[in-house]
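Read through the structure below, which is laid out as structure tokens, and then see the notes.
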Amino acid sequence: QLHVRNEWAAWSGWSVCSRSCGGGASVRTRTCITNPVGGPCAGDPRQYKICNTKVCPLGSEDFREMQCAAFNDRPLVSGNSFRWTTFHGSSPCELSCLALGHNFYYNFGHVLDGTACDPEAGAVCVNGRCLKPGCDSILGSTQREDACMVCGGHNTTCLHHKSVYQSPFGYNEVTMIPAGATHIRVTDNSRNYLLQNGRSQFVINGNWKISVPGEYSVAGTKLLYRRSADTWESFEVPGPTQEDLHLMVLATDRNPGIEYEYWLPPDQYAQYHGRRSPLRQAHHTASYFPRGQPTTPTTTSRAPPSPAPGLHPQHPQQPISRLEREENHRNLLNCGKCQRVKGRRERQRQYCKKDFFRGRVLGKLYRGEETRYDVQIIHTYRNRFRLEHREFLWVPNLCDCPDLQPGKQYILMVRRHINYERTLNRILLEEDSYVVPYRPREDELLRPLQRLCSN
């Protein structure tokens with residue numbers, strides 16, 4: 001009985017990988033079952049896949065260099081022999097080698113299968129062709145991961161969340177990006193923003209430092225951070241993330257809007273973006289406290305499920321006293337005892353190094369990992385920078401160290417912080433700063449200190 005058309009037989013098993021590490025190639029074949037009337041089989045009789053992609057041990061010889069060295073001391077057509085090293089010619093899949101001590105190179109043909117030809121794309125050479133693997137590990141495959149991290153998928157197993165945030169001045173939490181998010185993209189066309197993981201550790205732009213562009217590890221995945229000198233910055237996280245990420249912004253200038261987007265599995269999307277989701281209410285953790293969130297326009301690629309019927313609004317909690325509230329606040333953060341900085345010696349030591357003034361505390365606000373005091377400047381004793389009638393003082397902790405009470409006046413020694421790019425200008429009240437409640441006698445104690453700074 002004759003077949004109507006030619007057909008492929010089943011694939012053979014995969015061959016041994018061409019390399020033991022660093023990314024090699026493995027091949028499998030299939031045979032075209034022919035018949036008198038059938039045409040050629042459609043497709044390729046060979047298929048290659050990437051294999052053994054683990055990094056080679058430190059000190060291993062370069063694969064291409066090893067191939068050139070295999071021709072050392074072998075006579076060429078002319079009868080002469082040479083020692084060879086790698087030469088990168090016009091084709092990445094040709095084995096071009098430079099003769100050591102001579103000004104010429106020789107082409108020995110194709111490199112061995114599995115030789116890297118485009119390291120950034122993960123491509124390797126196979127039969128003289130540079131092939132990039134798809135998400136199915138097949139070399140030359142066009143299969144790609146979709147936004148849900150499904151190979152060859154069509155974005156049907158997750159939901160898209162996209163929003164724009166416009167912040168007031170100072171530190172503000174933009175959003176919490178839940179664990180399990182994929183393809184996170186954030187773009188800011190104004191000033192710095194900060195990313196903080198779920199353990200309250202800054203990943204970029206934290207600890208009073210502006211991070212350099214590059215790749216950072218966060219939440220079990222990688223973060224690629226890009227920024228210009230002073231106009232824009234962005235980052236991308238492929239995911240999936242293994243913990244919640246907190247996106248924060250330090251707004252020092254007019255902010256046209258921070259755009260962010262990510263994808264979530266449907267069950268998580270319903271949890272975090274339903275009408276009563278945690279992302280639409282005040283966010284409570286040991287490091288974040290309830291505060292008003294600006295309204296942001298939100299778009300999604302699919303509508304989230306409606307909330308279950310019968311839900312009733314929660315009754316407001318009874319207010320607690322200020323002392324009890326502050327004690328609970330410190331207990332949550334495991335704050336130790338504050339360092340007490342006062343006395344004549346500290347006054348003299350810090351006077352010539354810092355700005356020195358008397359101010360009345362008007363308000364206090366927790367922002368991210370910092371405390372911000374709103375202070376009215378009453379009198380300046382020594383300052384190298386201009387002070388406005390009202391200034392914000394930033395304390396790099398949430399433990400009320402030092403603890404300034406609204407309505408009271410204090411003598412304050414502070415440090416001016418200006419970053420290298422001069423895009424950030426803030427007044428820091430550090431834990432070891434000289435801080436004492438104001439009393440008239442302080443004026444008499446401070447006047448003689450000026451002469452110490454001229455020595």
Side-chain angles (χ1 to χ4, degrees), residues 1-56 62-64 66-68 70 86 88-97 107-160 182-183 185 236 238-240 263 265-266 301-302:
Q1 182 178 358
L2 297 178
H3 293 283
V4 177
R5 57 186 175 82
N6 293 341
E7 295 179 344
W8 289 109
W11 285 104
S12 67
W14 290 102
S15 69
V16 176
C17 190
S18 63
R19 298 187 63 185
S20 59
C21 63
S26 181
V27 62
R28 65 178 180 178
T29 59
R30 57 182 177 177
T31 303
C32 183
I33 303 173
T34 60
N35 65 77
V37 297
C41 294
D44 200 322
R46 290 181 177 82
Q47 193 175 65
Y48 299 86
K49 74 171 182 177
I50 195 81
C51 53
N52 291 346
T53 56
K54 63 181 181 296
V55 179
C56 291
D62 179 77
F63 193 47
R64 192 181 290 264
M66 182 182 68
Q67 294 174 58
C68 285
T86 302
H88 295 282
S90 58
S91 173
C93 291
E94 297 290 332
L95 184 60
S96 298
C97 304
N107 191 318
F108 290 98
H110 295 332
V111 295
L112 295 178
D113 288 351
T115 303
C117 52
D118 186 356
E120 288 191 7
V124 298
C125 295
V126 173
N127 282 341
R129 295 186 300 159
C130 186
L131 299 178
K132 179 180 177 182
C135 59
D136 53 2
S137 299
I138 302 299
L139 291 166
S141 169
T142 58
Q143 294 281 10
R144 297 291 179 264
E145 283 186 347
D146 66 359
C148 313
M149 309 294 283
V150 176
C151 186
H154 301 284
N155 301 335
T156 57
T157 59
C158 63
L159 294 167
H160 185 213
T182 59
H183 290 273
R185 292 185 180 92
E236 296 182 6
W263 296 73
S301 57
R302 286 166 57 186

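Below, each value reflects all heavy atoms present in this structure, side chains not excepted, and no hydrogens, waters or symmetry copies.
- Taken to the nearest 0.5 Å, the OG1 atom of Thr115 stands 7.0 Å off from the CZ atom of Arg19.
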Exercise for review: Take Glu94 and His110, measure what side chain to side chain contact (heavy atoms under 4.5 Å, CB included) needs, and give me the verdict at the end.
Suggested key: CA-CA 5 Å; Glu94 297 290 332; His110 295 332; 3.3 Å; yes
Check your understanding: Taking it one step at a time, do Phe63 and Val111 satisfy side chain to side chain contact (heavy atoms under 4.5 Å, CB included)?
Key -> CA-CA 10 Å; Phe63 193 47; Val111 295; over 6 Å; no
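- The number of heavy-atom neighbours closer than 6.0 Å to CZ of Arg144, taken from other residues, nucleotides and ligands shown, is above 12.
- Atom-to-atom distance recorded for Trp263:CH2 and Asn155:CG is 4.0 Å, nearest 0.5 angstrom.
- Of all the heavy atoms in Trp11 and Pro45, the pair that sits closest is CZ3-O, 3.6 Å.
- Under the 2.5 Å SG-SG cutoff, Cys93 and Cys117 do not qualify as a close cysteine pair.
- Panel note: side chain Arg64, backbone Ser96; no donor-acceptor pair is recorded below 3.5 Å.
- Here the shortest heavy-atom pairing between Cys41 and Ile33 reads SG-N, 4.4 Å.
- Donor-acceptor pairing under 3.5 Å is lacking for the side chains of Asp113 and Ser18.
- Side-chain contact check for Thr182 versus Pro240: some heavy-atom pair is nearer than 4.5 Å.
- Here the side chain of Gln67 pairs no donor or acceptor atom with the backbone of Leu95 at under 3.5 angstrom.
- Counting only distance, with no hydrogens or angles, the side chain of Ser15 and the backbone of Val27 share a donor-acceptor pair below 3.5 Å.
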Practice item. Could you check His183 against His160 for side chain to side chain contact (heavy atoms under 4.5 Å, CB included), going step by step and ending with a plain yes or no? Key: CA-CA 10 Å; His183 290 273; His160 185 213; over 6 Å; no
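- A 4.5 Å side-chain heavy-atom check between Arg30 and Gln47 finds every atom pair outside the cut-off.
- Across every non-hydrogen atom of Arg46 and Asp44, the tightest pair is N-OD1, 2.9 Å.
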What side-chain donor-acceptor pairs closer than 3.5 Å can you find for residues 123-133, not counting sequence neighbours?
unit_1 : atom_1 : unit_2 : atom_2 : d
Asn127 : ND2    : Tyr48  : OH     : 2.8

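- Nearest heavy atoms, Cys51 versus Ser26: SG-N, 3.8 Å.
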Check your understanding: Is there a side chain to side chain contact (heavy atoms under 4.5 Å, CB included) between Cys21 and Val55 once you walk through the steps?
Key -> CA-CA 6 Å; Cys21 63; Val55 179; over 6 Å; no
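- Atom-to-atom distance recorded for Ile50:CD1 and Asn52:CG is 9.5 Å, nearest 0.5 angstrom.
- The side-chain heavy atoms of Cys158 and Met149, taken from C-beta on, include no pair separated by under 4.5 Å.
- Side-chain contact between Phe108 and Cys68: absent, with no pair of heavy atoms (C-beta onward) separated by less than 4.5 Å.
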